[in-house]
Amino acid sequence: MNGPTSFPTGHLRPDSPPTDAFDYMIVGAGFAGAVLAERLATQLNQRVLMVERRHHIGGNAFDRHDEHGILVHPYGPHIFHTNSVDVFKYLSQFTNWRPYEHRVKASVEGQLLPIPINLDTINRLYGLHLSSLEMDSFLAHKAEPRPDVLTAEDAVVSKVGRDLYDKFFRGYTRKQWGRDPSQLDASVTARVPSRTNRDDRYFTDVHQAMPQHGYTRMFERMLDSPNIKVMLNTDYREVQHLIPWRHMIYTGPIDEFFEHRFGALPYRSIRFEHVTHHEERFQEVGTINYPNEHAYTRVTEFKHLTGQRHPWTSLVYEHPSAEGDPYYPIPCPDNAALYRQYRDQAEKLRDVTFVGRLACYQYYNMDQVVAQALKVFKTLSQQLLLTPPDRVPS
């Protein structure tokens, strides 16, 4: 397999300029862009130019082997899980899977305790011997019902009470988001469940697995079509007026597309500190959270995720930051209102489609981005059937 055709220098080669317009210019080579490129190229025979300003495909899911030969995720751990049969079936065309159920522990009061909170978490933390039935009553007694669950604090305290909130959630959230949970939308913590049984899996989705040979190999197979050209190390603004295209699919930050005309949308970033140790295994589970200790939020050991056997092991420490690449849209009412101003402008554009986490200012899991891209493909397919395109410069 040769992988996608690319222009890695960031400029079209002068000896082979395009002879015809591209049907689509796709900005960004992450999940949203790659799914749409693959579908458009292979199912509708569309000519696609993918423009990516990083030096690689795969977006934040890009993985590579480090200097010791250990497969690592430079942008932090990406663990695939989904309940969607369609999404799993679609991606399975491009990879085999290694079954993997992620487990996380939190460092609290000198113990490593299962998170999400489960029966073992409570019994070990408080020195109890509760049963599952007694766990229900325990949490109900701890909970502080709120008439309206509006904030991240409300979402946790209303389920498990103040003490568990302080021990497991408040410090982690403040480090991660740079704000107190009382200032963030309930969606930030509402996704983290509590369990009355001993299930210590972080996710409970039907499909939990990792690409057998890594995400980058999967992306290479997705983009391996003669109808797809990939231009790396390139800001799309450098070439959008030089290369003819009919329709743009934009997966970058929506405020950047409109040159921040209403102001910058706030994001949280992360500084990733990669560390390698000459030992088989460093920690007992894939990820350990540190809600109340250290400046970093969590530490992930990649060999748990990949199943790789190696005498060395590699870890990543995550240090949240207000500066750097945009990773997490900050969910709060002011930011949502600002995003709506950009969304209203985007809806007026007939030749640009906005897809993905940054373009929609929304935290999506990987499977949600794939599902969104597949849905957008159906819409674009219907539009093409109704209005066959002329290949003319945009």
Side-chain angles (χ1 to χ4, degrees), residues 1-65 73-75 78 90-91 93-95 211 213-253 256-257 325 351-359 366 369-370 372-374 376-377 380 391 393-394:
M1 185 191 66
N2 296 322
T5 303
S6 63
F7 304 106
T9 62
H11 299 282
L12 284 175
R13 297 177 300 189
D15 60 330
S16 58
T19 58
D20 195 5
F22 285 93
D23 297 298
Y24 288 87
M25 174 182 283
I26 298 182
V27 180
F31 268 106
V35 169
L36 282 160
E38 187 278 329
R39 292 286 84 183
L40 290 164
T42 63
Q43 302 302 302
L44 300 180
N45 197 33
Q46 299 290 285
R47 299 184 66 242
V48 176
L49 175 64
M50 175 172 281
V51 183
E52 168 59 57
R53 60 186 174 191
R54 288 174 172 171
H55 70 280
H56 58 74
I57 60 174
N60 292 339
F62 167 74
D63 52 18
R64 62 173 178 79
H65 290 87
H73 301 177
Y75 304 102
H78 282 70
Y90 170 74
L91 292 177
Q93 298 175 85
F94 313 105
T95 185
H213 300 292
Y215 287 102
T216 299
R217 181 74 63 83
M218 181 179 73
F219 277 98
E220 288 173 349
R221 289 173 172 165
M222 291 172 71
L223 301 177
D224 188 13
S225 165
N227 280 338
I228 300 173
K229 309 299 180 185
V230 181
M231 183 179 290
L232 302 176
N233 297 310
T234 305
D235 189 312
Y236 79 98
R237 290 168 293 193
E238 299 171 10
V239 297
Q240 67 172 326
H241 300 301
L242 302 177
I243 302 174
W245 51 272
R246 180 179 58 81
H247 192 94
M248 177 182 288
I249 294 172
Y250 181 82
T251 71
E256 186 176 301
F257 180 89
D325 290 340
D351 61 349
V352 184
T353 299
F354 294 79
V355 189
R357 178 190 292 189
L358 298 178
M366 290 181 285
V369 176
V370 174
Q372 184 195 36
L374 291 173
V376 169
F377 168 70
L380 294 174
R391 289 179 174 169
S394 172

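- Under the side-chain hydrogen bond (donor to acceptor under 3.5 Å, both in side chains) criterion, Y75 pairs with H56, not counting sequence neighbours.
- Between K229 and E52 there is no salt bridge, since no side-chain nitrogen of the basic residue lies less than 4.0 Å from a carboxylate oxygen of the acidic one.
- Listed by chain and residue number, N60 satisfy the side-chain hydrogen bond (donor to acceptor under 3.5 Å, both in side chains) test with R54 (two or more places apart in sequence, or in another chain).
- Side-chain contact check for L232 versus M50: every heavy-atom pair is 4.5 Å or farther apart.
- A search for side-chain hydrogen bond (donor to acceptor under 3.5 Å, both in side chains) contacts involving T95 returns nothing, not counting sequence neighbours.
- Side chains of V376 and T353 form a contact here, defined as non-hydrogen atoms less than 4.5 Å apart.
- When only modelled atom types and interatomic distance are considered, E220 and Y215 share no side-chain donor-acceptor pair under 3.5 Å.
- Side-chain contact between T251 and F354: absent, with no pair of heavy atoms (C-beta onward) separated by less than 4.5 Å.
- Note that R47 lies in the cation-pi zone of F22, set by a 6.0 Å cut-off to the ring centre and a 45° limit from the axis.
- The closest side-chain heavy-atom distance from V352 to I249 is not below 4.5 Å.
- Taking 4.5 Å as the limit, some side-chain heavy atom of F377 sits within range of a side-chain heavy atom of Q43.
- You'll find the ring centres of F31 and F219 inside the 6.0 Å limit.
- Between Y250 and Y236, the ring center distance clears the sub-6.0 Å criterion.
- Between R237 and E256 there is a salt bridge, since a side-chain N of the basic residue sits under 4.0 Å from a carboxylate O of the acidic one.
- Across all non-hydrogen atoms, the minimal contact from G214 to D63 is CA-OD2, 3.2 Å.
- Inter-residue side-chain proximity for V239 and M231 is flagged as met; some heavy-atom pair is nearer than 4.5 Å.
- No side-chain donor-acceptor contact under 3.5 Å links T234 and E238.
- At least one donor-acceptor pair closer than 3.5 Å links the side chain of W245 to the backbone N or O of Q240.
- Looking at heavy atoms from C-beta onward, N227 lies out of side-chain contact with Q46 at the 4.5 angstrom threshold.
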